[in-house]
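By convention here, the first residue in the shown sequence is residue 1.
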Amino acid sequence: MSIAYDYSREPIPAVPSAKPRLLLIDGQHVPSLSGRTFKTLNPATEQVIATVAEGNEVDVDRAVAAARRAFEGPWRSMRASERGQILLRLVDLMKQHADEIAALESLDAGKPIAGVLRQDLPAAIDTLTYYAGWADKISGEVVSTRDDALTYTVREPVGVVAAIVPWNFPLMIGMWKLAPALACGCTIVMKPAELTSLSALRIGELALQAGLPPGVLNIVTGPGRVVGDALVNHPDVDKVTFTGSPGVGRGILRGAAGNFKRVSLELGGKSANVIFDDADIEAASKAAASGIFFNAGQVCSAGSRVLAHEKVYDEVVERLTQRARAIRIGDPADRATTMGPVISEKQMKSILDYVDIGRNEGAFLTTGGERVGDRGYFVSPAVFANVKHEMRISQEEIFGPVVSVIKFSDEADALRIANGTAYSLAAGVWSRDIGRVQRFARKANAGTVWINTYGYTDVRLPWGGVRDSGLGREHGTAALENFTEPKAVWMNLSV
C-alpha cells in the first residue's frame, strides 16, 4: 500500500506547545487528576517536542470504568457492520492526515520520515483496513452432536482490553492491538510508551471524529511502572496485550493472575540470519544489513546474529562492513536519511556498553559502535566479527544497530547456533538448496522463518514466538482469537 504524499515540501513539524497533550477518557481530552505532566523529547535534537499528561492509578480507574460502560452499552450492542464502517472512516481520516501523523511519529521516535511514509504508516492503515473488513465476519459454527439438539458456537468479545504499546513502532504496533480488538467488539485502554505517546493521542482524536463512541478507546499516558502496572493489576480488565521486553512480560503474567486475565505477549528476539556458501552472497548481505540496521536495530525481529558458512565468512563480514559504513545517519526529517537516532540517552548508553562488552569478550569490531555527534542519540552501525556463540553479544538482545557475525561449518552446526538462545521469534536462511532451506525452516525455533529474504511481515500472517519471545500470536485470524471467547450453545429440540 502506498500513501499519497507530496515530497516536494517538508513534513509538517509538530510545534512545541505550552499546552500539554491530554489523556483521552470517555471521549474527552482531560488532564491527569494529579495535574502532573512529563516532557517528550526529539531524540535527534534532545529538544522538547511537547508536554504530556502523566496519568496514574486513579486515571486508570476512570479509563477502565469508561471502557466497561462502553462495552456493556453502545459498542457491544452496535451492529458489527457499523463497527466496521467506523473503522473504515478512521482509515480515511488517517490517509487525509498522513503527513501530519508521519511527522509526529518521525519527531517523537526519531524515525526517518521517508521510512515512516513508506512502511510504518501504510502498515498501520493496512492493519486497520484488514480488521475493519473482519468486523462482520467473526462467526461460530454449528456442531453436530445429537439428533434432539441444535448445538453451535458463537464468538463473543473478551471485554475490556489493556493495550500496552512499545516505543520502537508506536503507530504500527499500536494499530496491531487497536484494530483487531475494536473489530471484535472489545473496548480498550491504551498505554503508549512514555517516550512515544504523540501519534497514539492523535489517532485517538481522529477515532472520535470517525464516530467511535465515548469510552470505546481510552488513552492513558505515563510511566509503565505506574500506568502499566495499574492496568495489569486492575480487576475489571479482561485482557492484556503487550509488546516489550521479556522482563516486563514476566511481571505482566504475575500481575494478570489476580483475576486470571487473558494475556498475549510479543517480546524480544535474537534472530539468526543464516547464509550458506551456495547462497547469493550479495543479495544475502544486502538483506542482512537491512535486517539489523533498519530502525537503528530497534526491532524485535532484527537479524542481530548473522551466521555465515566458513567458506564465505570473510566475504560476508566485508560486505556487511561496507554496507554499514555507507548508511547515511542524520536528521530524520531529511528524506535522504536512512538511519536516525536511537530512542533515548539510556538506550544509547546501553548499546555502547554492549560494544565495550563485545570488545572485552574478544570479538573484532570492524566498523562503527560509536556515538555520532554531540547532540542527539546517534550511534554508528557496528559489525562484530570473530564472534563466538557463547558471547554475551551473541546471546543477549542489544536492541540497537549492532550485528554479530558467527562462523558455522555445516547444517547441523548452523541449526545448533540458530536455536541456541532463549528467544524464538524469527530466523532467516539463505541457500539455493531447496531441501536444505526446508529442513532448516522445519527445525528452526522461530515463529517466522524467511527463506532467501528477511524481515517482511504482513497483517494476514500470524506473528509471535515462544519462550523469551512471548506467547500467543498477533495478526491474521489468530488476533481474532486473542480478543474473543468461544461460547457453546445447546438447544433442546425435543420440547
Examine the side chains of [X] and [Y] and answer whether a donor and an acceptor come within less than 3.5 Å of each other.
X      : Y      : value
Ser32  : Asn56  : no
His234 : Asn259 : no
Lys270 : Thr421 : no

Listing, residues 368-378 side-chain donor-acceptor contacts under 3.5 Å, not counting sequence neighbours, or none:
from   : atom 1 : to     : atom 2 : distance (Å)
Arg371 : NE     : Gly376 : O      : 3.4
Arg371 : NH2    : Glu46  : OE2    : 3.2
Arg371 : NH2    : Gly376 : O      : 2.9

Partner residues of [X] under the side chain to side chain contact (heavy atoms under 4.5 Å, CB included) criterion, sequence neighbours left out:
X      : result
Ala179 : Thr127, Leu128, Tyr131, Met175
Pro401 : Phe293, Met339, Val342, Ile351, Val379, Pro381
Ala67  : Val160, Thr187, Val189, Asn218
Arg325 : Thr321, Thr367

Salt-bridge contact [X]-[Y] (side-chain N to carboxylate O under 4.0 Å):
X      : Y      : answer
Arg89  : Asp92  : no
Arg460 : Asp126 : yes
Arg202 : Glu100 : yes
Arg262 : Asp238 : no
Asp59  : Arg62  : yes

Listed once per pair and sorted, the salt bridge (charged side-chain N to carboxylate O under 4.0 Å, His left out) pairs that draw on residues 213-235, sequence neighbours left out: none
For Pro223, is there any backbone N or O sitting under 3.5 Å from a side-chain donor or acceptor partner on Lys191? no
Quick one: does any side-chain atom of Thr37 pair with a main-chain N or O of Val52 as donor and acceptor, under 3.5 Å? no
Salt bridge (charged side-chain N to carboxylate O under 4.0 Å, His left out) partners of [X], counting only residues at least two apart:
X      : result
Lys487 : Glu156
Arg473 : none
Asp236 : Arg68

Selection residues 167-176 - residue pairs positive for side chain to side chain donor-acceptor pair (under 3.5 Å), sequence neighbours left out: Trp176-His475
Going by side chain to side chain donor-acceptor pair (under 3.5 Å), name the pairs with one or both residues in residues 461-472, residues two or more places apart or in two chains. Arg250-Asp468
If you measure from CD on Gln119 to CG on Leu171, what distance do you get to the nearest 0.5 Å? 11.5 Å
Using the six-membered ring wherever Trp is involved, compare the ring planes of Trp134 and Tyr130 and label them parallel, tilted or perpendicular (cut-offs 30° and 60°). perpendicular
For Lys346, does the NZ atom have more than 12 heavy-atom neighbours from other residues, nucleotides or ligands under 6.0 Å away? no
Are Ile164 and Val240 packed together at the side-chain level, in the sense that at least one heavy-atom pair is separated by less than 4.5 angstrom? yes
Hey, are the side chains of Lys239 and Cys186 touching, using non-hydrogen atoms and a 4.5 Å cut-off? no
Test of understanding: with side-chain hydrogen bond (donor to acceptor under 3.5 Å, both in side chains), list the residues that count as partners of Asp136, not counting sequence neighbours. none
Taking the six-membered ring of Tyr454 as reference, does the cationic atom of Lys286 (NZ for Lys, CZ for Arg) lie under 6.0 Å from its centre and within 45° of its axis? no
